[in-house]
Amino acid sequence: MTPRAFVTGATGFVGRAVVQALAARGVPTVAHVRPDSKKLDEWRRRLGELGATVDTCAWDVAAMTAAMRTHAPTHVWNVIGTTRRRASADGVAGDIYQAVDVGLSKIVVAAAVGCGARPRLVQLSSIGASVKSSSAYLRGRGQADAAVMSSGLPWAIARPSFIVGEGRGDDKRTLEDATAAVANLALGVVGFFGGKQLRATYRSIDPATLAAALVRLGLDDVRDLIATGPDLRAAT
Ligand SMILES: NC(=O)c1ccc[n+]([C@@H]2O[C@H](COP(=O)([O-])OP(=O)(O)OC[C@H]3O[C@@H](n4cnc5c(N)ncnc54)[C@H](OP(=O)(O)O)[C@@H]3O)[C@@H](O)[C@H]2O)c1
C-alpha cells in the first residue's frame with residue numbers, strides 16, 4: 001500500500017519535523033494549518049517547500065471529515081497541543097488542555113473514523129500521560145490517548161519526555177529547555193549508578209529523532225503500541 005499522510009499540528013516544533021521526515025521518505029503529505037493562523041502565508045510557503053500540500057479546513061468534525069475524505073490518508077499524525085502562553089494568545093480560557101489537547105484530538109479521531117479510509121493513527125503524547133493523573137496536562141494527554149485507543153482504528157502513541165533542540169523559533173519553551181537540561185544532568189548521574197532504563201525513558205529527545213520515530217511508528221506495521229524514550233530511539 002502506498003502511504004498518504006495527513007498531519008495535524010504541522011506548524012509545530014515536532015509537526016514540522018514530521019512533515020520533513022515524511023517528505024524525505026517521499027510520502028505524499030497533507031499538512032493541516034488552522035484557517036485563522038496569523039502566519040498562514042508563511043506556513044503555506046514553508047510547508048510547501050518541504051513538499052507538502054497545505055489544507056486549512058476548520059477545526060470541526062464535519063470540515064475535517066470532509067478534508068480527510070478528499071485526501072483519503074492511509075495515516076494520520078496528530079501532533080497538536082497547547083501551552084499556557086499559546087492558549088493565552090489564542091484566547092482559550094478554562095482548562096486549556098481539555099479545550100485543545102483533548103478537544104482537537106477528539107476531532108481528529110472522529111474525522112479519521114468518519115472519512116471511511118480507515119487510516120492508521122499516530123499520536124504524539126507525553127511520558128506520564130494518564131486519565132488518572134493529578135496534573136491537568138497529563139490527564140488531558142491521557143484522555144486524548146484514550147480517544148485514539150478506543151477509535152477502532154489501528155494506532156500508535158509516542159510518549160517522550162522533554163523535546164529539546166534548535167529551531168523552536170519565536171515560540172521558545174524556556175522552562176522546558178532548562179528543566180530538560182537539569183533532568184538530563186541528573187539522569188546522567190542515575191545512569192552512572194546503574195539506572196540505565198530510567199535514564200533512557202526520561203532523557204530528552206530532539207525533534208528530528210522523535211519525528212523519524214513517529215514516522216516509523218506509522219509506516220511500520222506495528223499495531224496498538226505505546227512507545228516511550230527507549231522505543232523511540234530504537235525506532236530511528
Ligand atoms: N515540548 C515538549 O517538551 C513536549 C514533551 C512531551 C510531549 N509534548 C507534547 O507534544 C505536543 C507538541 O509539541 P510541540 O513542541 O511540537 O508543540 P508546538 O510547537 O507548540 O506545536 C503545537 C501545534 O499545535 C497547534 N495548536 C496549538 N493550539 C492550537 C489551537 N488552539 N488550535 C489549533 N491548533 C493549535 C499549533 O498550531 P499553531 O502553530 O497554529 O499555533 C502547532 O501546530 C505538545 O503540546 C505536548 O503536548 C511536548
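Summarising the geometry of Ala129 relative to Ser125, their closest heavy-atom pair is CB-OG, 3.5 Å, with the distance given to 0.1 Å. Shortest non-hydrogen contact noted between Val27 and Pro3 is CG1-O, 3.8 Å. For the residue pair Cys57 and Met64, the shortest heavy atom distance occurs at SG-CA, 3.8 Å. Summarising the geometry of Thr209 relative to Asp206, their closest heavy-atom pair is OG1-OD2, 2.6 Å, with the distance given to 0.1 Å. For the pair Ala99 and Val92, the tightest heavy-atom approach, listed with the atom from each and the gap, is CB-CG1, 3.7 Å. Across all their heavy atoms, Pro119 and Cys115 have their closest contact at CD-SG, 4.0 Å.
With hydrophobic clusters built from ILVMFWY side chains whose heavy atoms lie under 4.5 angstrom apart, Leu124 does not share a cluster with Val102.
Between Lys106 atom NZ and Gln143 atom CD the span is 6.5 Å, to the nearest 0.5 Å. Note that CD1 of Ile163 is 10.0 Å distant from OG of Ser204, once rounded to the nearest 0.5 Å. The CZ atom of Arg45 lies 12.5 Å from the CG atom of Leu40; values are rounded to the nearest 0.5 Å. Distance check, rounded to the nearest 0.5 Å: CZ of Arg159 to OG of Ser130 gives 7.5 Å. Here Leu219 contributes atom CG and His75 contributes atom NE2; the two are 5.0 Å apart, rounded to the nearest 0.5 Å. Atom CZ of Phe6 sits about 11.0 Å away from atom OG1 of Thr53, to the nearest 0.5 Å.
Between Arg46 and Lys39 the shortest side-chain heavy-atom distance does not fall below 4.5 Å. Using a 4.5 Å heavy-atom cutoff, the side chains of Thr228 and Ile127 are in contact. Taking the side chain as every heavy atom from C-beta outward, Pro73 and Met68 approach each other to under 4.5 Å. The shortest distance between side-chain heavy atoms of Leu104 and Trp59 falls below 4.5 Å. Side-chain contact between Ser126 and Arg141 is present, with at least one heavy-atom pair separated by less than 4.5 Å. At a threshold of 4.5 Å between non-hydrogen side-chain atoms, the residues Val122 and Val76 do not count as touching. His32 is not listed as a side-chain neighbour of Trp77, based on a closest heavy-atom distance of 4.5 Å or more. You'll find the side chain of Leu217 reaches within 4.5 Å of the side chain of Leu232, heavy atoms only.
Put simply, the side chain of Gln98 never gets that close to the backbone of Gly140: no donor and acceptor are under 3.5 Å apart. When atom types are taken as modelled, the side chain of Ser105 and the backbone of Asp101 share a donor-acceptor pair closer than 3.5 angstrom.
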**OP:** Quick one: do Arg84 and Tyr97 satisfy side chain to side chain contact (heavy atoms under 4.5 Å, CB included)? Show the steps, please.
**Re:** CA-CA 9 Å; Arg84 293 205 178 281; Tyr97 304 114; 4.1 Å; yes

Original post:
What do the steps show when you test Asp145 against Met149 for side chain to side chain contact (heavy atoms under 4.5 Å, CB included), and what is the final call?
Top reply: CA-CA 6 Å; Asp145 292 356; Met149 290 188 267; 3.9 Å; yes

**OP:** Give the intermediate values and the outcome of side chain to side chain contact (heavy atoms under 4.5 Å, CB included) for residues Thr56 and Val54.
**Re:** CA-CA 7 Å; Thr56 58; Val54 171; 4.0 Å; yes

Original post:
Between Leu22 and Val19, does a side chain to side chain contact (heavy atoms under 4.5 Å, CB included) hold up when you go through it step by step?
Top reply: CA-CA 5 Å; Leu22 286 163; Val19 171; 5.6 Å; no

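Between Asp90 and Arg34, at least one side-chain nitrogen of the basic residue sits less than 4.0 Å from a carboxylate oxygen of the acidic one, meeting the salt-bridge criterion.
Looking at Val30, Val33, Val7 one by one, the single match for side chain to side chain contact (heavy atoms under 4.5 Å, CB included) with Asp55 turns out to be Val30.
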